[in-house]
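Bear in mind that the values here come from a model prediction, so they are computed numbers and not experimental data.
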Amino acid sequence: MLVEAIYHRSADSYCYAYDDRTVHIRLRARKGDLQTVKALHGDKYDWNNTVTEKNMRIMASDELFDYWQAELTPPHFRLRYAFELISGGRKLWYTEQGFTERKPQDPLTFFDYPFIWPDEVLKPPAWVKEAIFYQIFTERFANGDLSNDPVGVRSWEEDNPGPHDYYGGDLQGVLDRIEYIQSLGVNAVYFTPLFEANTNHKYDTTDYYRIDPHFGDVSLMKKLVKAFHERGIRVVLDAVFNHSGSGFAPFRDVLEKGRASAYWDWFLMKDEQLEDTDRPLYHCFAFEAHMPKLNTANPEVRDYLLGVAQFWVKECDIDGWRLDVANEVDHNFWREFRKSLKALKPDFYILGETWHDAMPWLRGDQFDAVMNYPATEAVLQFCAQDTIDAQMLASRISRLLASYPQQVNEAAFNIIGSHDTPRVLTVAGDVRKVMQAALLQFILPGAPCIYYGDEIGMTGGADPDCRKPMVWDEARQDAVLLGFYRRLIELRKKHPALQKGSFEFVYAHSRQLVVRRTHAGEQMYICFNHEEAGKTITFNAEPAESFVMAGGNGTFRMADGAITVTLPGFGWLVLAGVSLSA
């Protein structure tokens, strides 16, 4: 037993309240080292009457570690616990004081979860588990009103956008195409920024209370949100509170009046120019002078931005905010943000843009979820770029799932392309690889999001090439890929196990992969063959009354508790069954 590899702490992903009654605890150990792990637990004030043991299970494994988990329901909402560890013939107990060969008797030495406070439990909106998003970059989706076009708008058929080009896309265009969006089967949309700005992407806000006039106005926005809601589609907008645009009136006042401006402290101004640099005299996003950083620690700025966030919920009944550059805004601002928005609309979705470990924002007092870029990278490296094998993919995803509480994973925002990344078809170079990437995206815990046009095979390199105008000419669309996406959406919506079930890799070798998901008696196996040659895969399966093909292009047979799947090149198969224990 390698005790140096064993780790636990009573916080974050290792110990957290999953709901108002349940605490999840996890333990990390060297991969394959422990045969059995038990949780010895009870109430600290009623130990003798409540102490009990529970077997833990491996919820994930990466290349180095196993992650063991147990779900506990403390009768009095308090929890003291220790771990019994068995490896070969050796048995140890692990408490807050370390390891011992004797079974500890004093729970004072145990790990402690003091009390479950319902208002401190992270509770992402329940609807997000079932959500399938469609991302709309409004300036490039559809031009429905020629009268509000910017000067010099380019022809929609010209598919070589420059960084400063306009094509005239607007909210009327979205409304005109709403039946198409509904026909996909998605039940949520995410818009990149819609507020007045001086660029085509609108991430440099000049007026937070005004829809950009090239897009429409608040009246049209209300009409559009209402139309989406009537179709069972929720609406999430993009908020840029880390920085404004240089055309924002308070910043213009600072530029004009300097320290005499009433808004001087709304921004993070520098006292003097740094030597040997032409960078601006204020902090900004990525040294971009036209995006001055807002001082969200200033109470006036905080009140202003919270007012903005509340206004669009009250005015248009939106369902969520996606928060740009969220990890560079102070934590106290986001705590106030969450309180104010959840008071207004309890099932409001708060999604942060962070590209790295986001645990500090996911403790129940700030975000509901984050954009799942680590999963994006792993999926694309396996499915599109062929730079990692199935074992490494399974390792990366498993480590990611073990890094966050279960409810965080269930509400994660899963993408394989966006306005910030090259198109998935361009990265993959093969529509079959795109299909496998999308399938993997759709079976991961969390909510998948389709970037506009990916479903019809649009291509494009890095920004701005990934922001080409939407292709509406059906003759130029990939009808097979579009049909695949529609079936994929239908599959996820039909099977609860793909929305909220457990997730585990049961086979990962070379270019072949099998994932098992279960929920409420339903179990599903999703099988991938990610190479040109056909392959046969055999893996152990949990007992089931029967299995049926829910999708794909392979065959299967069952014998002696195992399933054998035969898949063609780049083939896939989804099997659905009902557990005997259900």
Side-chain angles (χ1 to χ4, degrees), residues 119 122-131 133-136 138 171 174-175 178 181 186-197 202-203 205-212 215-242 244 248 294 296 299-326 329 332-353 361-362 364-371 411 413 447 449:
D119 64 345
L122 176 58
K123 299 173 183 174
W127 62 265
V128 177
K129 293 180 185 178
E130 303 171 4
F133 280 88
Y134 189 76
Q135 181 186 349
I136 299 172
T138 304
L171 295 180
V174 178
L175 187 58
I178 198 168
I181 297 170
V186 300
N187 51 21
V189 291
Y190 151 52
F191 285 91
T192 50
L194 300 176
F195 310 123
E196 186 176 68
K202 310 303 178 190
Y203 280 97
T205 312
T206 59
D207 190 338
Y208 287 89
Y209 283 97
R210 188 185 186 199
I211 297 291
D212 192 285
F215 287 168
D217 56 26
V218 67
S219 176
L220 179 56
M221 187 65 201
K222 287 181 183 179
K223 183 179 179 181
L224 181 59
V225 174
K226 184 174 183 289
F228 274 123
H229 285 173
E230 289 172 349
R231 291 162 174 78
I233 299 173
R234 297 182 188 259
V235 179
V236 173
L237 301 188
D238 208 324
V240 189
F241 293 157
N242 172 71
S244 72
F248 184 43
L294 289 159
T296 49
E300 291 181 3
V301 176
R302 183 175 303 175
D303 290 345
Y304 174 83
L305 295 177
L306 292 179
V308 168
Q310 293 170 341
F311 173 82
W312 292 104
V313 180
K314 295 175 182 176
E315 194 72 14
C316 295
D317 194 27
I318 63 170
D319 303 290
W321 283 114
R322 181 263 192 189
L323 306 169
D324 189 57
V325 201
V329 176
N332 283 335
F333 175 80
W334 292 134
R335 292 185 181 104
E336 292 300 317
F337 182 89
R338 183 180 186 85
K339 288 178 183 177
S340 65
L341 272 297
K342 293 292 185 177
L344 204 58
K345 198 170 188 177
D347 68 344
F348 198 80
Y349 184 42
I350 302 175
L351 171 67
E353 183 204 19
W361 293 269
L362 295 167
D365 59 348
Q366 295 174 68
F367 306 157
D368 290 316
V370 292
M371 300 188 73
F413 196 79
C449 179

Peer 1: Any side-chain heavy atom of Phe413 within less than 4.5 Å of one from Val128?
Peer 2: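 No, every pair of side-chain atoms sits at 4.5 Å or beyond.
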Peer 1: Could you work out, with side-chain contact (heavy atoms from CB on, under 4.5 Å) as the rule, every residue matching Thr205, not counting sequence neighbours?
Peer 2: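 For Thr205, the residues satisfying side-chain contact (heavy atoms from CB on, under 4.5 Å) (neighbours in sequence not counted) are Phe195, Tyr208, Val240.
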Peer 1: Do Phe367 and Leu122 make a side-chain contact, defined as non-hydrogen atoms from C-beta onward lying under 4.5 Å apart?
Peer 2: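 A side-chain contact is absent here, since even the closest heavy-atom pair is not under 4.5 Å.
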Peer 1: Taking only residues two or more places apart in sequence, or in another chain, which ones meet Ala309 in a side-chain contact (heavy atoms from CB on, under 4.5 Å)?
Peer 2: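 Counting only residues at least two positions away or on another chain, Ala309 forms a side-chain contact (heavy atoms from CB on, under 4.5 Å) with Phe241, Trp321, Phe337, Leu341.
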Peer 1: Could I get the full list of salt bridge (charged side-chain N to carboxylate O under 4.0 Å, His left out) partners for Glu315, not counting sequence neighbours?
Peer 2: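 Partners of Glu315 under the salt bridge (charged side-chain N to carboxylate O under 4.0 Å, His left out) test: Lys222.
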Peer 1: Which value, rounded to the nearest 0.5 Å, describes the distance between Arg322 atom CZ and Phe133 atom CZ?
Peer 2: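 So the CZ of Arg322 and the CZ of Phe133 are separated by 12.0 Å.
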Peer 1: Quick one: list whatever passes side-chain hydrogen bond (donor to acceptor under 3.5 Å, both in side chains) with Arg338, sequence neighbours left out.
Peer 2: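 If we apply the side-chain hydrogen bond (donor to acceptor under 3.5 Å, both in side chains) test to Arg338, skipping adjacent residues, the hits are Asp368.
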Peer 1: Just to verify, what does Glu336 make a salt bridge (charged side-chain N to carboxylate O under 4.0 Å, His left out) with, not counting sequence neighbours?
Peer 2: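 Partners of Glu336 by the salt bridge (charged side-chain N to carboxylate O under 4.0 Å, His left out) criterion come out as none, since no residue qualifies.
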Peer 1: State, with a plain yes or no, whether a side-chain heavy atom of Ile350 is found less than 4.5 Å away from one of Trp334.
Peer 2: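 Side-chain contact under 4.5 Å: no.
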Peer 1: Please determine whether side chain to side chain contact (heavy atoms under 4.5 Å, CB included) holds for the pair Asp238 and Glu353, giving the CA-CA distance in whole Å, both sets of side-chain angles, and the decisive distance to 0.1 Å.
Peer 2: CA-CA 10 Å; Asp238 208 324; Glu353 183 204 19; over 6 Å; no
Peer 1: Does some side-chain heavy atom of Asp317 sit less than 4.5 Å from a side-chain heavy atom of Lys345?
Peer 2: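 SC-SC contact between Lys345 and Asp317 confirmed.
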Peer 1: CG/Leu306 to CZ/Phe333 distance, rounded to the nearest 0.5 angstrom?
Peer 2: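 Rounded to the nearest 0.5 Å, the CG-CZ separation comes to 4.5 Å.
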Peer 1: Phe215 and Leu194: which non-hydrogen atoms are nearest, and at how many Å?
Peer 2: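 Shortest heavy-atom contact: CD1-O, 3.7 Å.
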Peer 1: Can you check whether Arg234 reaches Asp347 side chain to side chain, under 4.5 Å on heavy atoms?
Peer 2: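 A side-chain contact exists here, since the closest heavy-atom pair is under 4.5 Å.
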Peer 1: Under the rule for side-chain contact (heavy atoms from CB on, under 4.5 Å), what residues qualify as partners of Asn187, not counting sequence neighbours?
Peer 2: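 Asn187: side-chain contact (heavy atoms from CB on, under 4.5 Å) contacts with Ala131, Ile132.
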Peer 1: Using a 4.5 Å cut-off on heavy atoms from C-beta on, say whether the side chain of Leu224 contacts that of Val235.
Peer 2: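 Val235 does not reach Leu224 side chain to side chain.
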Peer 1: If the condition is side-chain contact (heavy atoms from CB on, under 4.5 Å), which residues does Glu196 pass it with, not counting sequence neighbours?
Peer 2: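 So Glu196 forms a side-chain contact (heavy atoms from CB on, under 4.5 Å) with Thr206, Asp207, Arg210, Asp212, Pro213.
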Peer 1: Can you tell me how far apart CD1 (Ile211) and CG (Leu220) are? Round to the nearest 0.5 Å.
Peer 2: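 It comes to 8.5 Å.
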Peer 1: Taking the side chain as every heavy atom from C-beta outward, state whether Val329 and Trp361 have any atom pair closer than 4.5 Å.
Peer 2: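 No, too far: nothing below the 4.5 Å cut-off.
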Peer 1: Would you please name every residue forming a ring-ring contact (aromatic ring centres under 6.0 Å, His included) with Tyr209, sequence neighbours left out?
Peer 2: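 Tyr209 satisfies ring-ring contact (aromatic ring centres under 6.0 Å, His included) with Tyr304, Phe311 only.
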Peer 1: Taking all heavy atoms of Lys202 and all of Pro193, pick out the closest pair and write down the distance.
Peer 2: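 Closest heavy-atom pair between Lys202 and Pro193: O-CB, 3.2 Å.
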Peer 1: Give a yes or no on whether the backbone of Tyr190 and the side-chain of Gln135 come within a donor-acceptor separation of less than 3.5 Å.
Peer 2: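 Looks like no, no N/O pair under 3.5 Å.
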Peer 1: Just verifying a value: how many Å separate Asp319 CG and Leu237 CG, rounded to the nearest 0.5 Å?
Peer 2: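 Between atom CG of Asp319 and atom CG of Leu237 there are 9.0 Å.
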Peer 1: Find the distance between CG (Asn242) and OG1 (Thr296) and round it off to the nearest 0.5 Å.
Peer 2: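 Reported to 0.5 Å precision, the distance equals 7.5 Å.
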Peer 1: Mind listing the closest non-hydrogen atom pair of Lys223 and Leu175 along with its distance?
Peer 2: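 Minimum heavy-atom contact is CE-CD2, 3.8 Å.
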Peer 1: Residues two or more places apart in sequence or in another chain: which of them pass side-chain hydrogen bond (donor to acceptor under 3.5 Å, both in side chains) with Tyr349?
Peer 2: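 So Tyr349 forms no side-chain hydrogen bond (donor to acceptor under 3.5 Å, both in side chains) with any residue.
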Peer 1: My understanding is that only residues two or more places apart in sequence, or in another chain, count here; which of them pass side-chain hydrogen bond (donor to acceptor under 3.5 Å, both in side chains) with Lys226?
Peer 2: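 So Lys226 forms a side-chain hydrogen bond (donor to acceptor under 3.5 Å, both in side chains) with Glu230.
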Peer 1: What residues form a salt bridge (charged side-chain N to carboxylate O under 4.0 Å, His left out) with Asp217, not counting sequence neighbours?
Peer 2: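 Counting only residues at least two positions away or on another chain, Asp217 forms no salt bridge (charged side-chain N to carboxylate O under 4.0 Å, His left out).
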Peer 1: Would you please name every residue forming a salt bridge (charged side-chain N to carboxylate O under 4.0 Å, His left out) with Asp303, sequence neighbours left out?
Peer 2: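 By the salt bridge (charged side-chain N to carboxylate O under 4.0 Å, His left out) rule, Asp303 matches no residue at all.
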